[in-house]
Novice: 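Shown below is the structure under consideration.
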Amino acid sequence: MAILEIKNVTYSYDKKRNVLNGMSGELVSGKLYAILGPSGSGKTTLLSLLGGLDVPTKGTVLFNGEDILNKGLDYHRRHNVALIFQSYNLIDYMTPLENTRLTARQEVLPILTRLGLSKEEAKRNVLQLSGGQQQRVAIARALASDAPIILADEPTGNLDEDTATEITAILKESAHQLNKCVIVVTHSNEVAKQADVILRIKRGNLQISNNERN
């Protein structure tokens, strides 16, 4: 059974031109999905709808077969999804340890160190970290969450190539070994290569294809 499903989802900013045009599709646990498409095609919009940050102009988003509006968008965001934003969305007066513990029911230091932060860096105020380090904290916060779905908007965009490769491997491991549904908006060829399924947005329509390299 699909953990997330969209049914005839349409989205318009101005009620004149549809960014998303009647999309339907199912997403299951245990897979890494990559959302691809040109700039302005609606990739981040689709991610926002899946995460309950916005509602479709028409159509339905379902979690385990139930419309996410039934329990409310706030409930969906709190319990069902972990979000990784391009802008990090960290609490700036906290340390990486404190930011990550907000979503965690496990020890978080091993997650932070695996993502490349030292014990000392994990105890610093996040504003004392570089942009790339802050992105790693945002990723750690999502990985530490019990939420069954991880939604990430360009999670490797501010990272060097080696770190980006490692982050992609960790996201894939979260899908395959922890049975999470991991959905990533990306322009990265490396992320696309590692994905199990490609969700390609073209002219407001959704094309879903299995990645033969996996």
Side-chain angles (χ1 to χ4, degrees), residues 2-4 25-37 43-44 46-47 50-51 80-90 96-97 99-122 126 129-201 208-214:
I3 190 169
L4 268 181
E26 297 183 350
L27 301 97
V28 301
S29 299
K31 290 188 181 293
L32 172 61
Y33 294 84
I35 302 179
L36 306 179
K43 301 185 298 296
T44 297
L46 176 58
L47 201 74
L50 294 173
N80 301 336
V81 298
L83 297 156
I84 303 171
F85 298 97
Q86 282 181 300
S87 56
Y88 319 135
N89 278 35
L90 302 175
L97 281 170
N99 267 279
T100 308
R101 283 172 180 154
L102 291 173
T103 62
R105 294 184 180 177
Q106 58 183 296
E107 177 54 47
V108 301
L109 184 59
I111 299 173
L112 289 163
T113 55
R114 187 178 180 194
L115 291 173
L117 274 77
S118 68
K119 290 181 180 180
E120 292 73 23
E121 289 167 339
V126 292
L129 303 177
S130 68
Q133 289 173 319
Q134 290 184 45
Q135 180 67 308
R136 295 177 208 192
V137 177
I139 293 167
R141 187 174 56 185
L143 295 177
S145 168
D146 286 340
I149 299 165
I150 295 176
L151 302 176
D153 193 359
E154 293 284 359
T156 62
N158 295 316
L159 304 175
D160 61 81
E161 185 176 348
D162 289 342
T163 304
T165 299
E166 184 177 356
I167 295 300
T168 303
I170 291 171
L171 290 172
K172 190 171 183 177
E173 178 183 298
S174 297
H176 291 181
Q177 296 186 20
L178 302 180
N179 201 39
K180 292 179 183 280
C181 177
V182 183
I183 306 164
V184 179
V185 166
T186 187
H187 287 100
S188 165
N189 289 330
E190 180 59 31
V191 175
K193 288 177 183 177
Q194 294 301 315
D196 300 299
V197 181
I198 301 296
L199 307 175
R200 193 179 301 276
I201 300 177
I208 303 176
S209 60
N210 291 320
N211 196 339
E212 295 181 356
R213 284 164 291 197
N214 287 282

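These numbers come from the heavy atoms of this one structure, side chains and all, not from hydrogens, waters or symmetry mates.
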Novice: With the side chain counted from C-beta on, respond yes when Ile35 and Thr186 share a heavy-atom pair under 4.5 Å apart, and no when they do not.
Specialist: no

Novice: How many angstroms lie between atom OG of Ser29 and atom CD1 of Ile149, to the nearest 0.5 angstrom?
Specialist: 7.0 Å

Novice: Among Ile183, Leu143, Ile139, which residue satisfies the side-chain contact (heavy atoms from CB on, under 4.5 Å) criterion with Ile150?
Specialist: Leu143

Novice: Looking only at heavy atoms, which two atoms of Ala142 and Leu83 are closest? And how far apart?
Specialist: CB-O, 4.5 Å

Novice: Run the side chain to side chain contact (heavy atoms under 4.5 Å, CB included) check on Leu151 and Leu50 step by step: do they pass?
Specialist: CA-CA 8 Å; Leu151 302 176; Leu50 294 173; 4.2 Å; yes

Novice: Could I get the full list of side-chain hydrogen bond (donor to acceptor under 3.5 Å, both in side chains) partners for Gln135, not counting sequence neighbours?
Specialist: none

Novice: Test Leu199 against Leu36 for side chain to side chain contact (heavy atoms under 4.5 Å, CB included), laying out the working first.
Specialist: CA-CA 6 Å; Leu199 307 175; Leu36 306 179; over 6 Å; no

Novice: List for me each residue that meets side-chain hydrogen bond (donor to acceptor under 3.5 Å, both in side chains) alongside Ser209, sequence neighbours excluded, and say none if there are none.
Specialist: none

Novice: Leu109 versus Lys119: any side-chain heavy-atom pair under 4.5 Å?
Specialist: yes

Novice: So, Gln194 side chain and Val191 main chain: donor-acceptor pair closer than 3.5 Å or not?
Specialist: no

Novice: Are Glu166 and Leu115 side-chain neighbours, meaning at least one heavy-atom pair lies under 4.5 Å?
Specialist: no

Novice: Taking the side chain as every heavy atom from C-beta outward, state whether Ile208 and Ile198 have any pair of such atoms under 4.5 Å apart.
Specialist: no

Novice: Please assess Asp153 against Thr44 for the test side chain to side chain donor-acceptor pair (under 3.5 Å), listing each intermediate value before the final yes or no.
Specialist: CA-CA 7 Å; Asp153 193 359; Thr44 297; 3.2 Å; yes

Novice: So, Thr113 side chain and Pro110 main chain: donor-acceptor pair closer than 3.5 Å or not?
Specialist: yes

Novice: Side chain of Asp196, backbone of Leu32: donor and acceptor closer than 3.5 Å?
Specialist: yes

Novice: Between Arg114 and Glu173, does at least one N-O distance fall below 4.0 Å, as a salt bridge requires?
Specialist: yes

Novice: So which of Asn89, Val108, Ile111 actually passes side-chain contact (heavy atoms from CB on, under 4.5 Å) with Arg141?
Specialist: Asn89

Novice: Any heavy-atom pair between the side chains of Pro155 and Val184 that's under 4.5 Å?
Specialist: yes

Novice: Sequence neighbours left out, what passes side chain to side chain contact (heavy atoms under 4.5 Å, CB included) with Gln134? Give chain and number order.
Specialist: Tyr88, Leu90, Leu129

Novice: Assess the residue pair Tyr33 and Val185 against the criterion (side chain to side chain contact (heavy atoms under 4.5 Å, CB included)); give the C-alpha distance rounded to whole Å, side-chain angles, the decisive distance to 0.1 Å, and a yes or no.
Specialist: CA-CA 9 Å; Tyr33 294 84; Val185 166; over 6 Å; no

Novice: Could you pull out the closest heavy-atom pair between Ala144 and Thr100, with the gap in Å?
Specialist: CB-CG2, 3.8 Å

Novice: Walk me through it: do Arg136 and Leu117 pass the test side chain to side chain contact (heavy atoms under 4.5 Å, CB included)?
Specialist: CA-CA 8 Å; Arg136 295 177 208 192; Leu117 274 77; 3.7 Å; yes

Novice: Could you check whether any side-chain heavy atom of Thr165 comes within less than 4.5 Å of a side-chain heavy atom of Glu190, counting everything from C-beta outward?
Specialist: yes

Novice: What's the shortest heavy-atom distance between Lys180 and Ser145, and which atoms?
Specialist: NZ-O, 3.1 Å

Novice: Can you give me the closest heavy-atom contact between Ala147 and Ala82, atom names plus distance?
Specialist: CB-N, 3.7 Å

Novice: Where is the tightest heavy-atom contact between Glu121 and Pro96, given as atom of each residue plus distance?
Specialist: O-CG, 3.5 Å

Novice: Within a 6.0 Å radius of atom CD on Glu161, are there more than 12 heavy atoms belonging to other residues, nucleotides or ligands?
Specialist: no

Novice: Closest approach of Ile3 and Pro148, non-hydrogen atoms and distance?
Specialist: CD1-CB, 3.7 Å

